[in-house]
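Before anything else, here's the structure in question.
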Number of protein chains: 2
Amino acid sequence: MKKEVLSNAHSDKLFEQVYDYLLERIIRGEWKPHEKLPSVRTLAADFHVHRLTVFKAYQLLKQNRKVYVKDKSGYYVQPSSILPVNSQHDPIVSAYVHESHLSEIHQVQAAYQFSKALLDPNLLPNHYFSEYVKKVFDLYPKVLGTYSTTQGDQELREALCRYFIHAYHFYLSADELLITSGSQEAIDLIARVLVKARDTILLERPTYSPAIDIFRRQGANIIPIEIHRYGYDLDQVEMFMQRYKPRLFYMNPTFHNPTGYTVPAEQRKRLVEISKKYQCLLIEDDPYRDIYFDEEPPLPFFAYDTEGSVIYLRSFSKYIAPGLSIATVACRPSLMKLLLKAKSLSDSGAPLLNQKIFLHYFFSERLQQHLAKLRIALTIRKDIMEEELSVTDWNWSSPSGGFNLWMKLPESIPMDSLLRKGIEQSITFVPGSICDPLREYTSWVRLSYSYLNEQQLREGIKRFVGLSCSLY
Amino acid sequence: MKKEVLSNAHSDKLFEQVYDYLLERIIRGEWKPHEKLPSVRTLAADFHVHRLTVFKAYQLLKQNRKVYVKDKSGYYVQPSSILPVNSQHDPIVSAYVHESHLSEIHQVQAAYQFSKALLDPNLLPNHYFSEYVKKVFDLYPKVLGTYSTTQGDQELREALCRYFIHAYHFYLSADELLITSGSQEAIDLIARVLVKARDTILLERPTYSPAIDIFRRQGANIIPIEIHRYGYDLDQVEMFMQRYKPRLFYMNPTFHNPTGYTVPAEQRKRLVEISKKYQCLLIEDDPYRDIYFDEEPPLPFFAYDTEGSVIYLRSFSKYIAPGLSIATVACRPSLMKLLLKAKSLSDSGAPLLNQKIFLHYFFSERLQQHLAKLRIALTIRKDIMEEELSVTDWNWSSPSGGFNLWMKLPESIPMDSLLRKGIEQSITFVPGSICDPLREYTSWVRLSYSYLNEQQLREGIKRFVGLSCSLY
């Protein structure tokens, strides 16, 4: 028994050695793109290891899209695996900072911003907000003189807890909620606490672009999971969890960004069980839940979880109050302790004023009326976008909720030119490669219908279609 | 048996931690080819692991041809192991969370909180705040529906820029200011952008405790610089800069926390020159500038800098509006670019509402009147604390500004008992060791006079003195 354990440990080490050897040389570009790699037989001889060990290393490299197989003749270098030489930055500092490509596109000022998955400020009940603010000052006259706690205002956490229990049947206490300044802070905290360099994680493909950047910055080894109209291929997910023991699976399963897909209820239950079995945390990012066009989405994954396999991440910025930057994380106490420690090093908690305004607004009747109106307004905008796109033969799935439409353009359209000429003509969109952990999807685009009004949408899509057609 | 498995798993984790640490840094070229690596003894001490664990990590690296052994004198970097400099593969941050001890003390509820260097909310012009908020909603009706930019509101940055130029003779443009949610976020961003594991930095001794935790979390090698009533020993600082090439010197030179000392003007000018010479950035944290008891403090270091040697960090949380969490960082464009990229991964900028309220409050006449009153109120509180302490023969320097009094107790008083019995009697304070990068100063305490009213202060200090005296 003991001997077996030892010999397993030994063979793991040999495996790592071969895997590291190959990975580093591929990343460093010692083999050229499409160059044939040493055979299993050769490497086994060179490393004095069993051929099966080399075979397993190549299989993992294949999964991670570092190599590909051709005609059974051997393994070849996947071109995208080699690090690009980034000469435009100070070499010393470039090693520290990753580019957030999405934030760069957002800096472009344009008349037709299909790149912004943000709500048109005109769709918010702006003239009512000042009432809630006045109420907050009446109730808490010292609110601007008071720090929040790191975990967030107790009154707000208790109210959210009751809401989650009532609306989604969560099994939850207020101590299991953390208030953050937006969901990106929450993802960043989770990544800092849970992921260290060379940890393997699962990410949807495509996915929310800043999540790719955040987990990459941690040095994570990313395995992509395709998301389809029907959800995930759960057998594949299980196989990956079994084989690679990923730390976590970051997912956006409800009106998914960018595709608009929703993972069905039956998959939710099963995936929670699978993730429990393989001890892979599910990070459920749920920012669009209330924006459905036909029927309400299935319950969150968190509702199926009793043993701490799911972290639920809910932003209220997207359609409630972008200017308040309030989000919340629900997770079990052992993990909460780690998140709190990490957060206490970054700040003293989300500003109390914002938490109190949010509390009184979110739990007002007016918000529910507002959400109903918002769903109608966004359905109309989504329909306008689809109507204007219907003159083309391009492929997209009509979204059943959320802010985004994910569409495949003809492959003959050069994406770089489309992006550049779009900006020249004051039209911005998100190129699909940015949403792809593998940086492929070069013919896809994400168009958001949430930010522009009906006229702008109609005119902008007409121009976008015209521009695209002029390029092929 | 079970226990053995657990302890094996634990030691595997420690082994992995050391192995990963070394491998990543070798690949990234942090040690030069043929450079000598840290000794087994050093690493074992730094990582708090057994020497055998480090030895095993080196053995595996040797097998993997990352290091070689020379003449039994130690381990050296195998030249072929290093990645090209411009690689985008940058696993920066270790996933290991450090404890923030100060935040733990702050969680203790007590009647006599001398631990909180926060302003008594009663000292803020609370009844005026709602007026500014109303004004903000009148001026920007869509403020709650609008995201800020990552860098911060343009109008606020322009106003702050004019203020800094006028008040402190800064050479500055609005593009050289970043708005953050409090100063801790700013320190965290700076640390993430500038400091990687084993980089050397200078910290004052004693210093602001969360800064120690933040830089430690980055894996920095910390060299302490003693701060005295007359400032620093500049010859020593220069010697350290020359010898250890530190990346930065984090300092709090004006009404220093915890000592209350202020570095004199003549040292400021010279230190800027020295730091320029050795390319060591000065991080000037300046949260207490307006709280002086006699005369205004000397100009910030930033005023003496024209070439980007100083980063100026100004929090407005301490005495302006804790509930708004607004701070700003002034630095030159090359560094700003890096901070912006890092910040864009954490959030979409400080909430716009808070920035706009701050803008209209900070630049009001009422604020200037408020500050004058605040200085008087805090002078009175500080005097009460000193008066009550004067019955003892303990040592402290009377602070000339800020919120804190730094005091040496007789060495015969056991600090642990004092802390524990204090909490039992509803008295909290900050033990000096928390403010010390070396975790010594076991007879020192930081007492803040900013949070309690005059009566509470008098009563609390009487009790503190009584308790301390009972322990020796």
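All values below come from the heavy atoms of this structure, side chains included, with hydrogens, waters and symmetry mates left out. Convention: sequence-line order gives letters A, B, ...; per-chain numbering from 1. Keep in mind that what you see is a predicted model, and the values were worked out from it rather than measured.
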Original post:
So do A:L124 and B:K142 actually touch side chain to side chain, heavy atoms under 4.5 Å?
Top reply: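 No. Closest side-chain heavy atoms not under 4.5 Å.
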Original post:
Residues in ring pair (Phe, Tyr, Trp, His ring centres under 6.0 Å) with B:H360, at least two apart?
Top reply: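 Listed in chain order: B:Y140.
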**OP:** Counting only heavy atoms closer than 4.5 Å, note whether B:T149 contacts chain A via side chain, backbone, both or neither.
**Re:** neither
**OP:** Give, for atom CG of A:L353 and atom CZ of B:F129, the distance between the pair rounded to the nearest 0.5 Å.
**Re:** 10.0 Å
Original post:
Are any non-hydrogen side-chain atoms of A:E185 and B:E185 less than 4.5 angstrom apart?
Top reply: no
Original post:
Any chance CD of B:Q59 has more than 12 other-residue heavy atoms, nucleotides or ligands included, within less than 6.0 Å?
Top reply: yes
**OP:** Select, from B:T150, B:N122, B:D138, B:L119, the one with the greatest count of heavy-atom pairs under 4.5 Å involving chain A.
**Re:**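 Counting heavy-atom pairs under 4.5 Å, the top option is B:N122.
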Original post:
Of all of A:L352, A:D347, A:T146, which one pairs up most often with chain B through heavy atoms under 4.5 Å apart?
Top reply: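 Most heavy-atom pairs within the cutoff with chain B belong to A:T146.
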Subject >> chain A contact via B:Y19 - side chain, backbone, both or neither, heavy atoms under 4.5 Å >> reply: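 Contact with chain A: side chain only.
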Original post:
When rounded to the nearest 0.5 angstrom, what is the spacing between OH in A:Y132 and CG in B:L144?
Top reply: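 Answer rounded to 0.5 Å: 11.5 Å.
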**OP:** Calculate, to the nearest 0.5 Å, the distance between atoms NZ and CZ belonging to A:K134 and B:F137 respectively.
**Re:** 13.0 Å
**OP:** May I ask you to test the A:N354-B:N354 pair for a side-chain heavy-atom distance under 4.5 Å?
**Re:**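 Contact flag for A:N354/B:N354 side chains = yes.
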Original post:
Which one of A:G323, A:S148, A:A350 has the most heavy-atom pairs closer than 4.5 Å to chain B?
Top reply: A:G323
Subject >> Distance-minimising heavy-atom pair for A:P322 and B:G145 >> reply: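 Answer, listing the atom of A:P322 first, then B:G145: CG-O, 3.7 Å.
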Subject >> Contact summary for A:R217 and B:S346, nearest pair of heavy atoms >> reply: NH2-OG, 4.4 Å
Original post:
Is it the side chain or the backbone of A:S183 that comes within 4.5 Å of chain B heavy atoms, both, or neither?
Top reply: neither
**OP:** Select, from B:V133, B:I326, B:T180, B:I320, the one with the greatest count of heavy-atom pairs under 4.5 Å involving chain A.
**Re:**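 Option with the top pair count is B:V133.
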Subject >> Part of A:V143 within contact of chain B (heavy atom distance under 4.5 Å) >> reply: backbone
Original post:
Checking A:N126 against chain B: side chain, backbone, both or neither under 4.5 Å from a heavy atom?
Top reply: both
**OP:** Please name the pair of heavy atoms, one in A:Q184 and one in B:L345, separated by the smallest distance, quoted to 0.1 Å.
**Re:** NE2-O, 3.1 Å
Original post:
For B:K62, does the NZ atom have more than 12 heavy-atom neighbours from other residues, nucleotides or ligands under 6.0 Å away?
Top reply: no
Original post:
Measuring heavy-atom distances to chain B, does A:I357 have an atom under 4.5 Å in its side chain, in its backbone, in both, or in neither?
Top reply: side chain
